[in-house]
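All ligand and atom numbering here is 1-based and tracks the order in the structure.
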Amino acid sequence: MAAPKKAAAKEPNAETDNGSTAEFTTEQELKALRDMLLIRRFEEKAGQLYGMGAIGGFCHLYIGQEAVVVGVQMAMKPGDEVITGYRDHGHMLATGMDPKGVMAELTGRRGGYSKGKGGSMHMFSKEQNFYGGHGIVGAQVSLGTGLAFANRYRGNDSVSLTYFGDGAANQGQVYESFNMAELWKLPVVYIIENNRYAMGTAVTRASAQQDFSKRGVSFNIPGEQVDGMDVRAVKAAADKAIAWCRAGKGPYILEMQTYRYRGHSMSDPAKYRTREEVEKVRHDSDPIEQVRNRLLAAKMPEEDLKKIDAEVREIVNAAADFAQHDPEPDPAELYTDIYR
Ligand SMILES: Cc1ncc(C[n+]2csc(CCOP(=O)(O)OP(=O)(O)O)c2C)c(N)n1
Ligand SMILES: [Mg+2]
């Protein structure tokens with residue numbers, strides 16, 4: 001395996017840096033594998049619990065997109081903030097939020113992050129700097145820009161990682177946010193998770209400009225397209241974008257080219273695409289398989305990788321167990337923690 005590249009100690013330059021796929025050390029590969037597996041197994045379990053009726057309401061799974069949050073998280077430092085939409089379980093786990101608390105929120109139990117009163121789309125963690133969890137498409141983009149404004153105002157060097165989808169990228173408030181972010185040089189990385197669909201509508205049917213890295217051109221915001229299925233490419237691009245923001249150069253756009261294997265939500269039979277299309281992506285570019293294959297090629301024993309999977313499954317099973325046995329919220333909590 002090639003020696004890890006040292007981070008270049010030079011000023012980031014959006015015009016000349018090409019976001020090459022930096023090699024990972026074995027340690028980084030293993031961390032990426034474990035973190036992506038945690039999200040995959042968690043989401044599989046959430047899907048099962050939903051099928052059993054233990055989870056109700058909306059539930060949007062992140063399966064297939066794991067390399068995006070895991071790669072970006074590897075480039076962040078404590079103090080940086082994350083905000084996203086409703087497909088948010090992976091983002092929460094990547095920030096280090098407790099799988100038990102996330103799963104218990106899905107099942108509406110007391111030990112959930114919102115005491116069982118919020119559900120899938122309404123979870124937050126001040127400790128892990130996770131700001132939700134937003135059901136209104138695009139709403140998190142202006143909020144994420146506000147987080148960046150606060151960082152600028154307070155004079156700290158934290159960066160806001162603001163995630164949204166290809167569909168959300170067509171929302172008006174996104175461009176109002178872009179304008180202010182560049183005008184005031186706010187430290188925000190806009191991460192557009194282009195998973196090719198917005199509910200049942202393909203990007204090709206909904207977007208006039210399908211190169212989302214160019215969506216900031218009229219505001220002078222640099223951007224680039226990233227292979228969002230390769231965790232190394234994600235990490236390298238995030239390193240560059242975050243360095244840009246921390247250096248006070250303003251916002252940066254990363255279009256993560258990714259794919260969701262499941263339907264839009266648990267109630268979507270996904271009839272707008274073929275089974276073959278999904279299978280092809282899974283077969284050719286699954287983010288977890290890519291890391292596994294590289295580790296196996298580097299002579300890592302398969303047993304070691306199986307052990308990691310078993311450990312992750314244990315964590316997820318414990319979370320599911322907790323989420324099914326923890327009591328429901330006390331009815332006396334009905335009117336607490338709400339805006340009146
Ligand atoms: C303002 C608003 N309009 C419409 C909806 C309904 N809606 C929920 S998700 C969604 C699609 C968004 O797709 P995308 O941004 O690509 O994210 P993805 O689901 O693919 O992660 C729509 C239209 C909504 N929740 N909010
Ligand atoms: Mg989408």
Side-chain angles (χ1 to χ4, degrees), residues 36 39-40 42-43 46-47 50 57-72 82-94 106 118-123 130-145 161-178 189-216 223 225-229 234 253-273 277-278 281-282 285 287:
M36 290 196 290
I39 297 172
R40 173 95 30 121
F42 182 97
E43 292 290 66
Y50 196 95
F58 285 107
C59 184
H60 310 83
L61 302 183
Y62 195 65
I63 297 176
Q65 301 183 210
E66 297 91 345
V68 178
V69 285
V70 168
V72 172
V82 171
I83 188 165
T84 187
Y86 41 83
R87 199 177 300 288
D88 55 357
H89 314 154
H91 301 67
M92 292 187 262
L93 296 176
L106 297 184
S120 171
M121 300 187 272
H122 304 99
M123 280 183 252
F130 178 75
Y131 286 84
H134 296 271
I136 303 300
V137 167
Q140 75 273 24
V141 182
S142 36
L143 296 174
T145 306
L161 287 307
T162 298
Y163 292 82
F164 53 105
D166 47 278
N170 296 326
Q171 238 254 30
Q173 63 184 306
V174 170
Y175 298 92
E176 295 183 44
S177 302
F178 281 2
V189 184
Y190 294 112
I191 302 166
I192 304 176
E193 296 197 69
N194 178 5
N195 60 9
R196 301 197 218 166
Y197 294 92
M199 297 185 83
T201 306
V203 156
T204 45
R205 290 178 58 215
S207 288
Q209 171 55 276
Q210 288 156 33
D211 180 343
F212 291 93
S213 71
K214 292 193 180 136
R215 288 296 182 98
Q225 293 185 304
V226 183
D227 178 356
M229 303 301 272
V234 172
I253 293 173
L254 295 177
E255 175 194 343
M256 297 293 179
Q257 298 181 315
T258 182
Y259 197 76
R260 64 165 157 75
Y261 296 172
R262 297 291 181 93
H264 168 73
S265 69
M266 288 303 293
S267 54
D268 171 17
K271 292 212 168 110
Y272 44 84
R273 63 183 184 184
E277 179 183 303
V278 183
V281 178
R282 204 186 256 276
S285 51

Legend entry - CZ/F58: more than 12 non-hydrogen atoms of other groups inside 6.0 Å: no

Which residue and heavy atom of the protein sit nearest [atom], plus the separation:
atom	result
atom 4 (C) of ligand 1	V137 CG2, 4.3 Å
atom 15 (O) of ligand 1	A168 N, 2.8 Å
atom 1 (C) of ligand 1	I136 CG2, 3.7 Å
atom 25 (N) of ligand 1	G135 O, 3.0 Å
atom 21 (O) of ligand 1	R87 NE, 2.9 Å

Inset, instruction - Classify the angle between the aromatic ring planes of F178 and F164 as parallel (below 30°), tilted (30 to 60°) or perpendicular (above 60°). - result: tilted

Legend entry - Mutual orientation of the aromatic rings belonging to Y261 and Y259 [parallel < 30°, tilted 30-60°, perpendicular > 60°]: tilted

Legend entry - Min heavy-atom dist H264 to ligand 1 below 4.0 Å: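 Flag set, H264 near ligand 1.
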
Legend entry - Heavy atom of F164, distance to ligand 1 below 4.0 Å: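 The answer is no, since F164 has no heavy atom less than 4.0 Å from ligand 1.
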
Legend entry - The one among F58, Y62, Y163, Y86 that brings a heavy atom closest to atom 9 (S) of ligand 1: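 Nearest option to atom 9 (S) of ligand 1, by heavy atoms: Y86.
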
Inset, instruction - Determine, considering heavy atoms only, which of M199, Q171, R260 sits nearest to atom 23 (C) of ligand 1. - result: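 Looking at heavy atoms only, M199 sits closest to atom 23 (C) of ligand 1.
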
Inset, instruction - For this output row, return yes or no: ring centroids of H264 and Y86 closer than 6.0 angstrom. - result: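 Yes: the rings meet the under 6.0 Å criterion.
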
Could you tell me whether [X] and ligand 1 have an N or O pair separated by under 3.5 Å?
X	result
G167	yes
D166	yes
Y197	yes

Inset, instruction - Report the angle formed at the Mg ion (ligand 2) by atom OD1 of D166 and atom O of Y197, rounding to the nearest 10°. - result: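 About 110°, to the nearest ten degrees.
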
Inset, instruction - Please assess F42 against M92 for the test side-chain contact (heavy atoms from CB on, under 4.5 Å), listing each intermediate value before the final yes or no. - result: CA-CA 11 Å; F42 182 97; M92 292 187 262; over 6 Å; no

Inset, instruction - Determine whether the side chains of T145 and Y190 contain a donor N or O and an acceptor N or O closer than 3.5 Å. - result: yes

Inset, instruction - Indicate if the distance from the Mg ion (ligand 2) to the nearest N, O or S atom of E193 falls below 2.8 Å. - result: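 Looking at E193, which is the residue asked about, there is no N, O or S atom under 2.8 Å from the Mg ion (ligand 2).
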
Legend entry - Whether E66 side chain and G64 backbone form a donor-acceptor pair below 3.5 Å: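 It does hold such a pair.
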
Inset, instruction - Decide yes or no on side-chain contact (heavy atoms from CB on, under 4.5 Å) for M266 and L61, but give the supporting numbers first. - result: CA-CA 8 Å; M266 288 303 293; L61 302 183; 3.6 Å; yes

Legend entry - Atom indices of ligand 1, in the order listed, that fall short of 4.0 Å to a heavy atom of G165: 14 (P), 15 (O), 16 (O), 17 (O)

Inset, instruction - Find all atoms of ligand 1 within a distance of less than 4.0 Å from any non-hydrogen atom belonging to N195, and give their numbers and elements. - result: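 Counting from 1, the qualifying ligand atoms are 18 (P), 20 (O), 21 (O).
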
Legend entry - Gap between atom CZ of R262 and atom CZ of R87 - 0.5 Å precision: 11.5 Å

Inset, instruction - Let me see the working for H91 and Y62 under side-chain contact (heavy atoms from CB on, under 4.5 Å), right down to the final yes or no. - result: CA-CA 9 Å; H91 301 67; Y62 195 65; 3.5 Å; yes

